[in-house]
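The structure appears below as structure tokens.
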Protein chains: 2
Amino acid sequence: MFELDIRSRKPIYEQLTDKIKEMIVHGVLQPDEQLPSVRVLSSQLTVNPNTIQKAYRELEREGYIYSLPGKGSFVAVLGPELTGGRRAEMREALLRLMAEAVYLGFTEAEIGELYRQALEQKERG
Amino acid sequence: MFELDIRSRKPIYEQLTDKIKEMIVHGVLQPDEQLPSVRVLSSQLTVNPNTIQKAYRELEREGYIYSLPGKGSFVAVLGPELTGGRRAEMREALLRLMAEAVYLGFTEAEIGELYRQALEQKERG
DNA sequence: CAACTGTATTATTAATAATAGTACAGTTAA
DNA sequence: TTAACTGTACTATTATTAATAATACAGTTG
């Protein structure tokens with residue numbers, strides 16, 4: 001399911017949250033789809049279960065997944081109340097990155113092109 | 001010049017690089033403008049000189065500043081050869097964030113609006 | 001020459017990431 | 001009902017990284 005870079009300076013649990021988040025926003029993982037269990041994924045990746053749990057906890061905190069004790073962890077369905085808080089954060093993150101992009105000479109047209117590219121990727125699943 | 005959040009989980013040297021980068025891309029710091037010396041900034045922020053040096057080294061590696069031993073550290077002038085490598089990285093970073101923005105329901109119009117907002121901020125200095 | 005500059009080095013401490021091992025309670029199917 | 005799953009919580013230990021501390025050296029400048 002994943003590939004981890006052990007020698008990366010980026011912590012393992014962070015690589016995990018990023019990968020899973022990416023699969024969710026690209027539609028590779030569908031709403032309510034079950035994720036591999038903490039123990040299964042930990043043995044697949046030969047990583048400590050606690051590290052997987054930490055990643056899942058973070059994803060749940062950010063609203064990307066939900067966990068049911070005894071059942072499993074699942075991709076969250078996006079509700080309007082959820083997007084509210086996240087949208088504000090995303091707005092800031094976008095603005096910060098846009099400032100850097102402007103500095104590097106990106107035009108509005110190029111940005112628009114990147115947006116459409118992201119949209120396409122999602123629609124292709 | 002800066003404010004640091006000691007209790008933040010983000011490392012101090014990283015807060016520093018982010019702040020300075022931000023001031024450069026927003027035009028607050030102009031090309032060839034001299035930055036405070038390692039020692040001055042370290043005593044102003046009551047932070048170890050090595051931490052400042054680490055931040056400056058990182059900024060130099062990314063091409064945002066240049067340092068002349070004995071003279072000081074200065075804001076880099078943006079050249080085409082410099083932007084090349086950085087633009088590719090920025091393209092990836094933008095695409096990654098765009099995918100998340102699409103997922104959260106941002107429209108192309110909203111993205112364009114954010115771009116123009118960033119542009120404005122730069123022009124106002 | 002004196003007082004700056006960046007840079008490098010080594011050692012030490014503080015904070016964080018990751019592992020290891022164990023335990024408990026809910027779910028599910030044999 | 002039991003066996004094998006699930007998530008969750010906790011403590012302890014090790015490994016890695018961040019930050020500090022104290023010097024040192026060479027180039028620059030008035």
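Just so we're on the same page: letters track the sequence lines, and every chain starts at 1. As the structure is a prediction and not an experimental result, all values here were calculated from the model.
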Q.
Within the 3.5 Å criterion, strictly below it, is a donor on B:Tyr13 or B:Arg57 matched to an acceptor on the partner's side chain?
A.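 No pair is found: no donor N or O on one side chain lies under 3.5 Å from an acceptor on the other.
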Which whole-number value in Å describes the distance from [X] [atom1] to [N] [atom2]?
| X | N | atom1 | atom2 | result |
| --- | --- | --- | --- | --- |
| A:Leu41 | D:dT8 | CG | C1' | 16 Å |
| A:Ile6 | D:dT16 | CD1 | C1' | 14 Å |
| B:Leu4 | D:dT20 | CG | C1' | 15 Å |
| B:Asn50 | D:dT17 | CG | P | 18 Å |
| B:Ile52 | C:dG6 | CD1 | P | 11 Å |
| A:Ile12 | D:dA15 | CD1 | P | 15 Å |
| A:Glu14 | D:dT17 | CD | C1' | 14 Å |
| B:Leu35 | C:dT7 | CG | P | 12 Å |

Q) With B:Glu89, which of B:Arg87, B:Arg86, B:Arg91 fulfils side-chain hydrogen bond (donor to acceptor under 3.5 Å, both in side chains)? A)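 The side-chain hydrogen bond (donor to acceptor under 3.5 Å, both in side chains) with B:Glu89 is passed solely by B:Arg86 among B:Arg87, B:Arg86, B:Arg91.
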Q. Any Lys/Arg nitrogen of A:Asp18 or B:Arg96 sitting under 4.0 Å from an Asp/Glu carboxylate oxygen of the other?
A.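 Answer for the salt bridge query: no.
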Quick one: which of [options] gets closest to the side chain of [X]?
| X | options | result |
| --- | --- | --- |
| B:Val38 | C:dT19, C:dT7, D:dT8 | C:dT7 |
| B:Val40 | D:dT20, D:dG7, C:dT5 | C:dT5 |
| B:Pro69 | D:dT20, C:dT7, D:dT8 | C:dT7 |
| B:Asn48 | D:dA18, D:dT20, D:dG7 | D:dT20 |
| B:Gln53 | D:dA19, C:dA8, C:dC24 | C:dA8 |
| A:Arg39 | D:dA18, D:dG7, D:dT20 | D:dG7 |

**Q.** 5' precedence on DNA chain C between A:Tyr13 and A:Leu68 (nearest-nucleotide basis)
**A.**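 First, find each residue's nearest nucleotide; the 5'-ward one identifies A:Tyr13.
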Q.
Return whichever of A:Thr46 or A:Lys71 has its heavy-atom-nearest nucleotide of DNA chain C closer to the 5' end.
A.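 First, find each residue's nearest nucleotide; the 5'-ward one identifies A:Thr46.
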Q. For B:Phe106, does its backbone N or O pair with a side-chain atom of A:Tyr115 as donor and acceptor, under 3.5 Å?
A.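 Yes, the answer is positive, given that a donor and an acceptor are paired below the 3.5 Å cut-off.
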Q) Looking only at atom types and distance, does a side-chain atom of B:Glu110 sit under 3.5 Å from a main-chain N or O of B:Thr107, one as donor and one as acceptor? A)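 Yes, the answer is positive, given that a donor and an acceptor are paired below the 3.5 Å cut-off.
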Q) Mapping B:Gly70 and A:Ser73 onto DNA chain D by nearest heavy atom, which one lands closer to the 5' end? A)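 The residue closer to the strand's 5' end, by nearest nucleotide, is A:Ser73.
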Q. Within the pair A:Thr51 and C:dA18, is there a side-chain N or O less than 4.0 Å away from OP1 or OP2?
A.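 Answer is no, no contact under 4.0 Å.
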